[in-house]
Amino acid sequence: MSVLDAPVTAAAPAPPVTDLTATFVRLKLTLLRNGLRQSSGRKAAFIVSLVFTLLLAAGQVLGLVLLRGDAHAGTVVVLLTAVVALGWAVLPLFFPSGDDTLDPTRLVMLPLRPQPLVRALLVSSMIGIGPLFTLCLALGSVLALAHGPAGVAFAVLAVPLTMLLCVALSRAVATANVRLINSRKGRDLAVLSGLVIAVGIQFVNFGAQRLGQAGGLSVLDPAADVARWLPGASAIAAVDAASKGSYGIAAAQVLVTVVALVALVWLWQRGLVKLMTAPDGSTLAAAGPARKESRHTGLSALLPEGRTGTVVQRSLRYIARDPKTKAAWVTALAIGAIVPLLNALQGTGSIYFACFAAGMLGMQMYNQFGQDTSAFWMVALTISSTRDAYVELRARALALLLITLPYTVLVCVATAALLGSWQTLPSALGISFALLGSMLAIGAVASARFPYSIPQEGAFKNVAPGQGGLAWISILGGMLAAPVLAGPVIGLTVWLRVADHHDALWLVVPAGAVYGALIGWAGLRIAAPRTANRLPEILAAVSKG
């Protein structure tokens, strides 16, 4: 029997074609459901976040609806939409762990084509608390601006376009920076996110106060005129333009959004292809021989030989490389400048607010050994006497002074320039020097007496469980005691001002510098024997986390 005479068998049925978009939507819902099943705490946090977002969104929609018919409604809505779009662009960098699906490298081994993958990711990204909040914002915005049939027609286009643009912007940024997000620098950004929020709140507060002083929302019109043509807000601005009869402008603004959306999707798709096909730098051989650092280049050449120079370099590298230490320093530098300078800009400040900078930076001397975490055991092995402990603490204080002294002078001079208080600048400098020396002294003693561990996990977890009391004693006690120790210099300044000896206020500068140096030296001397005698207790405390 030939092959042609063989019985014909039914062909195997073809596998069903699965819609990739529907699969990704189900995957997103499954990830969300399984994440909530991990722990009751995570479930409670999600529920609280959802309720808070819904309440905030409801209040936002109500406020936007109440703006309907106001002359400046378009200004407020356009600027608000632009800020939210900016948030979509930057939040993936600061909160990479907020969405597990932001990392497309997990899909590298799957046989997926770029275009269907982009479409599936775009649709599935619409699920979540962030998209829900943005949808409420878009709906409230068009309700505030849409008037007449043309306005309603453009509103129907504006809502989905704004949503798609925000999500595509977020995805494109996350894909372009996914390796940064998953690297040590990305973790640094996550740690510093709290600082960005804190500084942003200060500037928002300052802007609100200036807006109140200006007497109305009209001062925001120039900024809104620019934002109307930015892709993040142009679709919403088109609703306002169409409601006013400017159909050509409305069409152009919608076109800006469409072009930006197409460009973002193209860049996103291109980034996905490159990310999933190009080798990672970690798998490539080094391009050249390792660079050897010379002991006699840069800052190393200026530092003394021996333990002092080594400890100073180690402390400065902690500041530059360790995420928790870096976050503490950047926060101190930012807040130390924001408080005096913003108050000076508002005309309600005082030159003595500049002393706040010295206080914020002086706090970095506290819990010196806790910053080393479990690596402190290597330092402890090199401390065999009170002299070793003294040199160790002195070098750490020197590393701190290399940053704090010029920074304190800079903040004081900038505050004096904004206020025009050049006559009282010397007294502010002198008090700052005395306060800085006092905090160095107290910080050295507190580091020996009240050490605590700083956990490495968690961007906002700075004290190990069970050690919160030690942290509060160390920090609050030092903040209360430092002004008392700096009392002689503060008293000298008060006496010179009360006695009307303003021409002699320059004496406070050398007096504060000498007194700060002496009190800091005394604090190091007191802390050194306590450090040498309590090494086992310190090591146990800082290694707890």
Side-chain angles (χ1 to χ4, degrees), residues 303-319 322 324-325 328 361-401 404 435-456 462-482 484-486 515-545:
L303 296 174
E305 298 284 348
R307 186 186 192 102
T308 299
T310 302
V311 174
V312 170
Q313 290 191 73
R314 184 185 69 215
S315 299
L316 294 177
R317 286 177 179 173
Y318 273 162
I319 296 173
D322 180 65
K324 291 293 181 73
T325 305
L361 294 181
M363 290 178 62
Q364 305 310 307
M365 188 65 187
Y366 291 67
N367 197 33
Q368 277 292 308
F369 307 126
Q371 297 175 9
D372 297 351
T373 62
S374 58
F376 177 69
W377 72 269
M378 292 186 291
V379 178
L381 290 176
T382 65
I383 299 177
S384 58
S385 64
T386 299
R387 174 66 183 173
D388 292 338
Y390 171 73
V391 175
E392 175 76 22
L393 288 169
R394 184 185 64 185
R396 291 175 183 247
L398 177 60
L400 187 143
L401 289 173
T404 55
L435 185 63
L436 183 58
S438 300
M439 298 201 75
L440 289 179
I442 300 172
V445 176
S447 296
R449 294 293 299 173
F450 307 107
Y452 56 90
S453 176
I454 302 177
Q456 292 302 295
N462 295 316
V463 182
Q467 292 185 329
L470 291 174
W472 281 108
I473 292 173
S474 175
I475 297 175
L476 291 182
M479 292 176 62
L480 295 175
V484 176
L485 285 182
Y515 181 82
L518 290 175
I519 200 69
W521 171 81
L524 295 176
R525 284 294 185 184
I526 295 173
R530 288 167 171 78
T531 301
N533 296 331
R534 300 187 71 251
L535 282 177
E537 292 87 345
I538 295 174
L539 181 58
V542 301
S543 301
K544 184 176 182 180

(request) Please answer whether the main-chain N or O of Pro529 pairs with a side-chain N or O of Thr386 as donor and acceptor at a distance below 3.5 Å. (result) no
(message) Any side-chain to backbone donor/acceptor pair from Thr531 onto Tyr390? Under 3.5 Å, distance only.
(response)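 Not a single qualifying donor-acceptor pair exists.
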(request) Walk me through it: do Leu539 and Leu535 pass the test side-chain contact (heavy atoms from CB on, under 4.5 Å)? (result) CA-CA 6 Å; Leu539 181 58; Leu535 282 177; over 6 Å; no
(request) Might you work through the side-chain contact (heavy atoms from CB on, under 4.5 Å) test for Leu400 and Leu361, ending with a clear yes or no? (result) CA-CA 8 Å; Leu400 187 143; Leu361 294 181; 5.6 Å; no
Please round to the nearest 0.5 Å and tell me the distance separating atom [atom1] of [X] and atom [atom2] of [Y].
{"X": "Leu440", "Y": "Leu393", "atom1": "CG", "atom2": "CG", "result": "11.0 Å"}
{"X": "Asn533", "Y": "Ile383", "atom1": "CG", "atom2": "CD1", "result": "11.5 Å"}
{"X": "Ile526", "Y": "Arg449", "atom1": "CD1", "atom2": "CZ", "result": "12.0 Å"}

At their closest point, which heavy atom of [X] faces which heavy atom of [Y], and how far apart are they?
{"X": "Gly520", "Y": "Ala441", "value": "CA-CB, 4.1 Å"}
{"X": "Ala399", "Y": "Ser315", "value": "CB-CB, 3.7 Å"}
{"X": "Gln368", "Y": "Gln364", "value": "NE2-O, 2.8 Å"}
{"X": "Leu485", "Y": "Ser438", "value": "CB-OG, 3.5 Å"}
{"X": "Gly523", "Y": "Ala444", "value": "O-CB, 4.2 Å"}
{"X": "Asn367", "Y": "Ser447", "value": "N-OG, 3.1 Å"}

(message) When you compare the side chain of Met439 with that of Met365, does any pair of heavy atoms fall below 4.5 Å?
(response) no
(message) Give me each pair satisfying salt bridge (Lys or Arg N to Asp or Glu O under 4.0 Å) with a member in residues 382-396, each pair once, sequence neighbours excluded.
(response) Arg307-Glu392, Arg314-Glu392, Asp372-Arg396, Glu392-Arg396
(request) Determine which pairs satisfy salt bridge (Lys or Arg N to Asp or Glu O under 4.0 Å) with at least one residue from residues 529-542, sequence neighbours left out, and list them in order. (result)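 Found none.
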(request) Apply ring-ring contact (aromatic ring centres under 6.0 Å, His included) to Phe376 and list each qualifying residue two or more places apart in sequence or on a separate chain. (result) Phe369
